[in-house]
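To keep things clear, I will list the structure first and then write my remarks on it.
In what follows, chains are A, B, ... by sequence order, proteins preceding strands, each numbered from 1.
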Amino acid sequence: MQERYEPAAVEAEAQQFWNRERSFEAKEDPGRQKYYCLSMFPYPSGRLHMGHVRNYTIGDVLSRFMRMNGRNVLQPMGWDAFGLPAENAAMANGVPPAKWTFGNIATMKTQLKSLGFALDWSREITTCRPEYYRWNQWLFLRMLEKGVAYQKTGVVNWDPVDKTVLANEQVIDGRGWRTGALVEKREIPMYYLKITDYAEELLDALDGMQGWPERVRAMQANWIGKSVGVRLGFPYDIEGLGAGVLHAFTTRADTLMGVTFCAVAAEHALAAWAARNNAPLAAFIEECKRGPAIESELATQEKKGLPTGLSVRHPISGEELPVWVGNYVLMSYGDGAVMGVPAHDERDFEFAKKYHLPIKPVIDVAGREYSLHQWAPWYAEHGRCVNSGKYDGLEYQAAVDAIAADLSRLGLGEKRITWRLRDWGISRQRYWGCPIPVIHCGACGTVPVPDDELPVVLPVDLVPDGSGNPLLKDEAFLAVSCPRCGAKARRETDTMDTFVDSSWYFLRFACSDNGKAMLDSRVQYWAPVDQYIGGIEHAILHLLYSRFWTRFMRELGMVAFKEPFANLFTQGMVLNEVFFRKPDAGRVEYFNPADVEVTLDSTAQRRIAVLRSDGLEVESGGVVTMSKSKNNGVDPQALVDEFGADTARLFTMFAAPPEQTLEWSDEGVQGAYRFIKRLWKAVHEHVSQGLPRPLDGAALNDAQRAIRRQAHQTLAKITDDIGRRRTFNTAIAAAMELMNALAKHGQSSPQDRSVMQEALEITVLGLSPIIPHATHAMWRALGHERALIDEPWMQVDTEALQTSSINLVVQVNGKLRGHITVAAGADEAAVRGAALADPHVQKFIGAGQVRKVIIVPGKLVNVVV
RNA sequence: GCCCUCGUGGCGGAAUCGGUAGACGCAACGGACUUAAAAUCCGUUGAGAGCGAUCUCAUCCCGGUUCGAGUCCGGGCGAGGGCACCA
């Protein structure tokens, strides 16, 4: 063993060993319990970032730990390789997206390998390869057959200059990001997947998903958004239009008698009809339609409306109610119309105040006074009906029931459940994605591509120029004959949302080499995923789509389970300080923390940050998520090159619990490096004197026994912290404590050296999931033939944990007043006697009367005076 | 606005089921080694009082439950994240 710790050599050696032995290639083995550990696969954006390192280290620690605990572990890796950034890069550099993507994959694969992750590369998946995406197409055709995939029109952002569809993120302040042209809304036919058919099931199943964080389950439940209420009808008979009913959904049918107006969305049919010869209204409707596309922007805009001049009748009272167009009414939710109850809905209240519409309180909340001038939150609370005729005095549920029954009798309403969840639109008018396998024929219409003609292969050599989908100009791709009638036809040029690619990749890892079928029997062995690890940003879409997709596959008999991810772990983000200068004119300039030197001023009170290149001060903008825009990222590769992969891994696992945010700290990295060096040195010093004789537990003195006890306590803690609590930071802290104790203990006698050998083995093996390379080398040095990765996890020796006496804390009235030592088996009377006899305790009892003595076995004694 | 999470030293954090608050690390300070620096090693480090043994205070604030509260409950303040004109 080398005296100096040289990470580059140590890590190369370990990685070569794992490669040579194919240590991480997983084999199906029905005789062994499997453990499928999966980290969310990366988008090949260029280089790894610290978020990747954190994500994949968490997965790697769990994988290696479970493997040593006897599980048959599968930890695969792949590439979520379709997507918009490749097209952007293509436009910027004139390189086909495929070339850019594959170049990035090569770079990032090298980086992942340098970090020593225990990945089974033989199962690697790349979603932009036909071998993968042909199964997207195949399953899409099954969805078409079952009616789960269907066509309807949808609204897209249209750039009139580039004549292209823009993603929301390409629209900046209502203008195209490249052309600056005002973006138009266009309705075009698109494919949708009927996820709403699964809404109830996707929601109900959340309750049983104990392996998922509460937070993620809550987010999904909110997203699905089940509302139980009443769909009611406001009848009308409008000259020229005739008789009809305006439908609206409400969760507060008990407030029906407080309705003073109705409001409809700009896109509503009644609004369109009223606007025929009402120019101001038509203009307002246009304004609403041109308004913000993103709902969060909609939220901040002022509530506006215009009367349509039309009126409807109240379903119970028959009263005439004016119909308004409101910019706060969404066409996509419910029926695109709301009943306006200003007294009990804040938005309606604001609207009514602004346009001087009547406000009629009809709910009495615990006798509190209602003001027509200022909104109070409790106006929306449930209460007793008042001012509501025959419904007066009824509580919420009774009122809803009575009103729903009356409406039903009148044919003007029924109880109904409304969902927030909408169907999943998967059509993208973009090149770099999986082609949707349909053909447009002049005679036959839209015809699915027959299975035996799959895959529809995407050409890989096109370079998008920003003006429309390049597939539209690619005759070789476009020209096709109709599978039904044989006539000349045209291929669909829309591609699929990349969330389709990631909705089932976790199953394909079980059988990535199968060229004949999407899945095979090996899936039954590996799936579902035992532990899924990824960022909270995927809490809703990716995870919900995957749950939906899995359910559909189950209906086809392809898998036997409903939930694809038994346990979910969401790791926190990686933050770093941000440095900038803000010139009087011009844009803020951000500087990478690597180029900034931070020192303390002479009084050590103030931190001064200086840019190395010019020696001038820069401002600190606090600690925020690492991002390109803030230029505060740390390149993991630089870290690996300077300190090694083990240090990078150790720091990211030690600095914070894995689900919390992690603040970057260069000094913290030094600390991690220092610890590995210390451990290395301790092992080197120990083994350079030769290996000791086997440990004889009975021959130890008290000090040796104490060290041995701490070693086994540490093993127990590391095992529990990694295996159950997932608090890798405290596992590392325990190992550090043990090292500190060993350094103090010293070693001279043969027994000392035997105890030391065991303690070092525990430390090395216990930390091996986190720092696998250095521990691989140290394990060999400690005299083991077998590679550490192939060793079983060590078992705690309960014998070693035994003590003859224990220390107890004594409190008087809950305050710490003394310490006592009693025999391990001491009974309560003995403990009580010892506690009361302690001079410190006596002092605090003083003249008082001892009323009660509480004994918590093994922990403390509390004397109540 | 709603939902979720969280407020602990100079900093990151620990305290797992209500039982010794501040483990471990960083930074800082003092010392050893060195011609010197780096590296390494040893020590000190929540605040206040005291020569000292010790004592008092202290986990965002106010109240409560309890023998005992960082932890549980109620109310507030603050931060972060998610969702959002969702009727």
Suppose we define a pair by two distances each less than 3.5 Å, Watson-Crick or G-U wobble; what does [N] pair with here?
N     : answer
B/G68 : none
B/U59 : none
B/C41 : B/G31
B/A14 : none
B/C2  : B/G82
B/U54 : B/A49

If you only use heavy atoms from C-beta on, which nucleotide in B/G12, B/A27, B/A87 is closest to the side chain of A/Phe654? B/G12
Between B/C41, B/C24, B/A87, which nucleotide gets closest to the side-chain atoms of A/Thr251? B/A87
What is the glycosidic conformation of B/C17: syn, defined as within 90° of 0, or anti? syn
Have a look at B/G9 and give me syn or anti from its glycosidic angle (syn if within 90° of zero). syn
Nearest-nucleotide wise, let me know which of A/Trp419 and A/Met219 is further upstream toward the 5' end of RNA chain B. A/Met219
By nearest nucleotide on RNA chain B, pick out whichever of A/Ile732 and A/Asp348 is the more 5' one. A/Ile732
Below 4.0 Å: OP1/OP2 of [N] and any side-chain N or O of [X]:
X        : N     : result
A/Arg420 : B/A84 : yes
A/Lys677 : B/U40 : yes
A/Arg817 : B/C67 : no
A/Arg678 : B/C41 : yes
A/Arg674 : B/C41 : no
A/Asn222 : B/C86 : no

Any base atoms under 4.0 Å from [X], or only sugar-phosphate, or nothing? Heavy atoms, all strands.
X        : result
A/Arg215 : sugar-phosphate
A/Arg724 : base
A/Trp223 : sugar-phosphate
A/Thr250 : sugar-phosphate
A/Val341 : nothing
A/Phe844 : sugar-phosphate
A/Arg217 : nothing
A/Gly671 : sugar-phosphate
A/Ala218 : nothing

Between atom [atom1] in [X] and atom [atom2] in [N], what is the gap in whole Å?
X        : N     : atom1 : atom2 : answer
A/Arg422 : B/C83 : CZ    : C1'   : 13 Å
A/Glu350 : B/C85 : CD    : P     : 14 Å
A/Lys815 : B/G18 : NZ    : P     : 22 Å
A/Leu421 : B/A84 : CG    : P     : 12 Å

Can you tell me whether the side chain of [X] and the base of [N] have a donor-acceptor pair closer than 3.5 Å?
X        : N     : answer
A/Gln811 : B/G19 : yes
A/Asn327 : B/C85 : yes
A/Lys717 : B/U16 : yes

Lys/Arg N to Asp/Glu carboxylate O, [X] vs [Y], below 4.0 Å:
X        : Y        : result
A/Asp335 : A/Arg231 : yes
A/Glu350 : A/Lys353 : no
A/Arg726 : A/Glu659 : no
A/Lys681 : A/Glu3   : no

Checking A/Trp212 now: which residues fulfil side-chain hydrogen bond (donor to acceptor under 3.5 Å, both in side chains) with it, not counting sequence neighbours? none
Does a side chain donor of either A/Asn740 or A/Arg678 reach within less than 3.5 Å of an acceptor in the other side chain? yes
Going by the rule salt bridge (Lys or Arg N to Asp or Glu O under 4.0 Å), which residues pair with A/Glu663 if we only count those two or more places apart in sequence or in a different chain? none
Please state whether the rings of A/Trp324 and A/Phe351 are parallel, tilted or perpendicular, taking 30° and 60° as the class boundaries. perpendicular
At a heavy-atom distance below 4.0 Å, what parts of residues 856-865 of chain A sit against RNA chain B? A/Val856, A/Lys859, A/Leu860, A/Asn862, A/Val864
Using ring centroids (six-membered ring only for Trp), state whether A/Tyr333 and A/Trp419 fall under 6.0 Å. no
Straight-line distance of A/Thr418 OG1 to A/Phe249 CZ, nearest 0.5 Å: 3.5 Å
For atom P, what is the distance between B/A58 and B/U44, given to the nearest Å? 27 Å
